[in-house]
Amino acid sequence: MDFLKQVGNILITEKELDILKKYQINVNEHSMIDEVLLLIDRFLADSYDLSDEEYEELDYVASCLNERKYYLGSPK
């Protein structure tokens, strides 16, 4: 099981970190999930030679971060 860990102000799993590192997206340099999501979007927009598998990996991480952002940011 992959547990959440805190990197700065961002909660992220080791698997997600590994995927982002693979594409040189460094979470340590950012303090908000929105910044990481923007980097993923820019990477996807600028990369024309990604395979379906690579695209799906990054899309998976973006989906997880978006969901986490929603649930952590929603008033209880």
Side-chain angles (χ1 to χ4, degrees):
M1 184 164 199
D2 206 7
F3 296 101
L4 289 172
K5 66 185 250 181
Q6 188 152 352
V7 178
N9 293 329
I10 300 170
L11 288 175
I12 194 164
T13 66
E14 197 64 44
K15 177 181 177 181
E16 295 162 353
L17 279 172
D18 290 342
I19 291 170
L20 292 174
K21 286 178 189 175
K22 178 178 173 182
Y23 300 100
Q24 288 84 39
I25 298 174
N26 189 353
V27 175
N28 294 326
E29 297 175 357
H30 305 283
S31 60
M32 296 176 56
I33 288 177
D34 285 335
E35 294 171 346
V36 177
L37 290 170
L38 181 61
L39 289 175
I40 293 170
D41 285 342
R42 286 182 180 166
F43 184 88
L44 290 172
D46 294 341
S47 299
Y48 301 105
D49 59 344
L50 285 179
S51 70
D52 289 343
E53 183 179 315
E54 292 170 325
Y55 182 87
E56 287 173 7
E57 274 186 326
L58 286 168
D59 187 55
Y60 165 78
V61 173
S63 295
C64 290
L65 291 175
N66 265 320
E67 185 175 337
R68 211 166 289 131
K69 175 185 157 194
Y70 173 79
Y71 285 109
L72 292 174
S74 297
K76 307 319 182 246

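All values below come from the heavy atoms of this structure, side chains included, with hydrogens, waters and symmetry mates left out.
The hydrophobic clustering, which links ILVMFWY residues whose side-chain heavy atoms are closer than 4.5 Å, places L65 and Y60 together. L20 and L38 are members of different hydrophobic clusters when ILVMFWY side chains are connected at heavy-atom separations under 4.5 Å. Criterion: ILVMFWY side-chain heavy atoms under 4.5 Å apart, direct or through other members. Under it, V36 and L72 are not part of a common hydrophobic cluster. Under a hydrophobic-cluster definition in which Ile, Leu, Val, Met, Phe, Trp and Tyr are linked whenever side-chain heavy atoms come within less than 4.5 Å, directly or via other members, L17 and M32 are assigned to different clusters.
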When the side chains of residues 4-13 are checked against the rest of the protein, which donor-acceptor pairs come out under 3.5 Å, sequence neighbours left out?
from : atom 1 : to  : atom 2 : distance (Å)
K5   : NZ     : E14 : OE1    : 3.3
Q6   : NE2    : G8  : O      : 3.0
T13  : OG1    : D2  : OD2    : 3.3
T13  : OG1    : E16 : N      : 3.1
T13  : OG1    : E16 : OE1    : 3.4

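Interatomic distance, D41 CG to D46 CG, rounded to the nearest 0.5 Å: 10.5 Å. Here E35 contributes atom CD and E29 contributes atom CD; the two are 10.5 Å apart, rounded to the nearest 0.5 Å. Once rounded to the nearest 0.5 Å, the distance linking OG of S63 with CZ of R68 reads 11.0 Å. Rounded to the nearest 0.5 Å, atoms CG (L44) and CZ (R42) are 12.5 Å apart. Here I19 contributes atom CD1 and E56 contributes atom CD; the two are 11.5 Å apart, rounded to the nearest 0.5 Å.
The minimum heavy-atom distance linking I40 with L58 is given by the pair CG2-O, 4.0 Å.
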Please test V61 against Y23 for side-chain contact (heavy atoms from CB on, under 4.5 Å), starting from the C-alpha separation and ending with a verdict. CA-CA 12 Å; V61 173; Y23 300 100; over 6 Å; no
